[in-house]
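What follows is one structure encoded as structure tokens, with my remarks underneath.
All of these numbers come straight from a predicted model, not from anything done at the bench. Letters go in sequence order (proteins before strands), and every chain restarts at 1.
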Amino acid sequence: TSGKLTYRLTDDAGKGLANVKVSLFD
Amino acid sequence: NILLETRLTDPNGLADFGDLNPNNYMLVADSAKVNNVAYLVQEYVQVRTGAVKAKETKVTDYSGTFALTVRSYNNNQPLKNIGVIIIPSNKFNYASTTAANLKVADFSGVTNDTGLITFKIPSNKQYSVYLYNTVTNASYNYNNSVSVQKDATVNYLMNIY
């Protein structure tokens, strides 16, 4: 009954930003 | 809101939260930097049963516009070529020199012929604005509490002698 979540952060050129802390809140 | 978990993005910028119960969640990233400027990203996502939500966000979308006009106290005329430094408030010290403020600035520039300078700055981030003489580097004035909402414009006026 679950779903999946991925989250990607990019700069203006679409390059991924590494080592960024992402917090998930209910 | 209750913190459920934290992840670090991988070299491709991806954080995989795996399996989650269907719900609306809030994602917060408070240390994402572009061009050495930190942005505050906060958004909601919905996770549905049996589905993969692949959310992708350009960090600099979390910006607003700060439009500053500098005028003279004496005659209210716009002042051109005034140095303007935009500093994260937690890095600003009113006693610092102009050179020291430039080192910790997120943005800087000079006013145009109409006394105006416009910056695209991170939203929901507290800034100090410091004005200085570009010839002598002497401080004119500062303001300690400026912020803009995402996609919004703040028109701001500062006067100097």
Side-chain angles (χ1 to χ4, degrees), chain A, chain B residues 1-63 107 120-124 150:
Chain A
T1 62
S2 63
K4 290 180 183 295
L5 173 65
T6 65
Y7 190 47
R8 186 167 183 262
L9 295 172
T10 76
D11 66 13
D12 292 1
K15 181 172 175 285
L17 299 174
N19 292 316
V20 177
K21 188 178 86 172
V22 181
S23 299
L24 182 75
F25 293 87
D26 200 348
Chain B
N1 288 319
I2 298 164
L3 176 63
L4 298 179
E5 54 183 308
T6 60
R7 296 281 164 92
L8 282 179
T9 57
D10 70 10
N12 191 32
L14 194 73
D16 186 351
F17 288 95
D19 292 326
L20 294 169
N21 291 326
N23 203 347
N24 288 312
Y25 295 95
M26 185 174 73
L27 289 160
V28 176
D30 57 9
S31 61
K33 284 190 175 184
V34 174
N35 296 328
N36 214 31
V37 173
Y39 289 77
L40 307 177
V41 178
Q42 178 176 320
E43 59 186 326
Y44 288 90
V45 293
Q46 185 175 38
V47 174
R48 296 173 187 274
T49 300
V52 176
K53 179 75 173 184
K55 180 73 179 169
E56 182 166 315
T57 293
K58 186 171 74 173
V59 164
T60 56
D61 283 347
Y62 281 77
S63 299
F107 307 94
K120 181 185 175 188
I121 66 174
S123 48
N124 296 314
K150 184 176 183 289

Worksheet item: Does any heavy atom of chain A fall under 4.5 Å from the side chain of B/V45, the backbone, both, or neither of them?
Response: side chain
Worksheet item: Which residue out of A/G14, A/S2, A/G16 racks up the most heavy-atom pairs below 4.5 Å with chain B?
Response: A/S2
Worksheet, complete the sentence: Nearest heavy-atom approach of A/L17 to B/V34 is CD1-CG2, 4.0 Å
Worksheet item: How long is the span from the CZ atom in A/F25 to the CG atom in B/N24, to the nearest 0.5 Å?
Response: 15.5 Å
Worksheet item: From B/F17 CZ over to A/T6 OG1, what is the distance, rounded to the nearest 0.5 angstrom?
Response: 9.5 Å
Practice prompt. To the nearest 0.5 Å, tell me how far B/T6 OG1 sits from A/L24 CG.
Written response: 9.5 Å
Worksheet item: Do you know the tightest heavy-atom contact between A/D11 and B/K58?
Response: O-CG, 3.7 Å
Discussion item. Is B/D10 close to chain A through its backbone or its side chain, or both, or neither, when contacts mean heavy atoms under 4.5 Å?
Written reply: backbone
Worksheet, complete the sentence: The interface call for B/V47 against chain A, heavy-atom contacts under 4.5 Å, is side chain
Discussion item. Quick check for you: among B/K33, B/E56, B/Q42, which has the greatest number of heavy-atom pairs under 4.5 Å with chain A?
Written reply: B/E56
Discussion item. So does A/D12 get a backbone contact from the side chain of B/T60, meaning a donor-acceptor N/O pair under 3.5 Å?
Written reply: no
Worksheet item: Do A/R8 side-chain atoms and B/N12 backbone N/O form a donor-acceptor pair below 3.5 Å?
Response: yes
Worksheet item: Is there a side-chain contact between A/L9 and B/Y39, using heavy atoms and a 4.5 Å cut-off?
Response: no
Worksheet item: Which region of B/Q46, side chain (C-beta onward) or backbone (N, CA, C, O), has a non-hydrogen atom less than 4.5 Å from a non-hydrogen atom of chain A, or is it both or neither?
Response: neither
Discussion item. As an exercise, state the distance from OG of A/S23 to CZ of B/R7, rounded to the nearest 0.5 Å.
Written reply: 11.5 Å
Worksheet entry | Top contributor to chain A interface from B/L4, B/D30, B/N23 [non-hydrogen pairs under 4.5 Å] | B/L4
Discussion item. Could you report the tightest heavy-atom contact between A/A18 and B/P11, atom names first, then the distance?
Written reply: CB-CA, 3.7 Å
Worksheet item: Could you state the interatomic distance from CG (B/D61) to OG1 (A/T10), rounded to the nearest 0.5 Å?
Response: 8.0 Å
Worksheet, complete the sentence: Applying a strict 4.5 Å limit to non-hydrogen atoms, the region of B/V52 in contact with chain A is both
Item to complete: Find the one option among B/V59, B/V41, B/L20, B/T49 whose heavy-atom pairs under 4.5 Å with chain A are most numerous.
Response: B/L20
Discussion item. Strictly distance-based, threshold 3.5 Å: is any side-chain N or O of B/T9 a donor or acceptor partner for the main-chain N or O of A/N19?
Written reply: yes
Practice prompt. Please flag which part of B/A15 lies under 4.5 Å from any non-hydrogen atom of chain A: side chain, backbone, both or neither.
Written response: both
Worksheet, complete the sentence: Smallest heavy-atom separation, A/V20 atom then B/S31 atom, equals CG1-OG, 3.9 Å
Worksheet item: Does a sphere of radius 6.0 Å around CG in B/N35 hold more than 12 heavy atoms from other residues, nucleotides or ligands, not counting ones at 6.0 Å or beyond?
Response: no
Fill in: Cationic N near anionic O, under 4.0 Å, B/D19 to A/K4
yes
Worksheet, complete the sentence: Closest heavy-atom pair, A/Y7 versus B/L27, reported as atoms and distance to 0.1 Å, is CD1-CD1, 3.5 Å
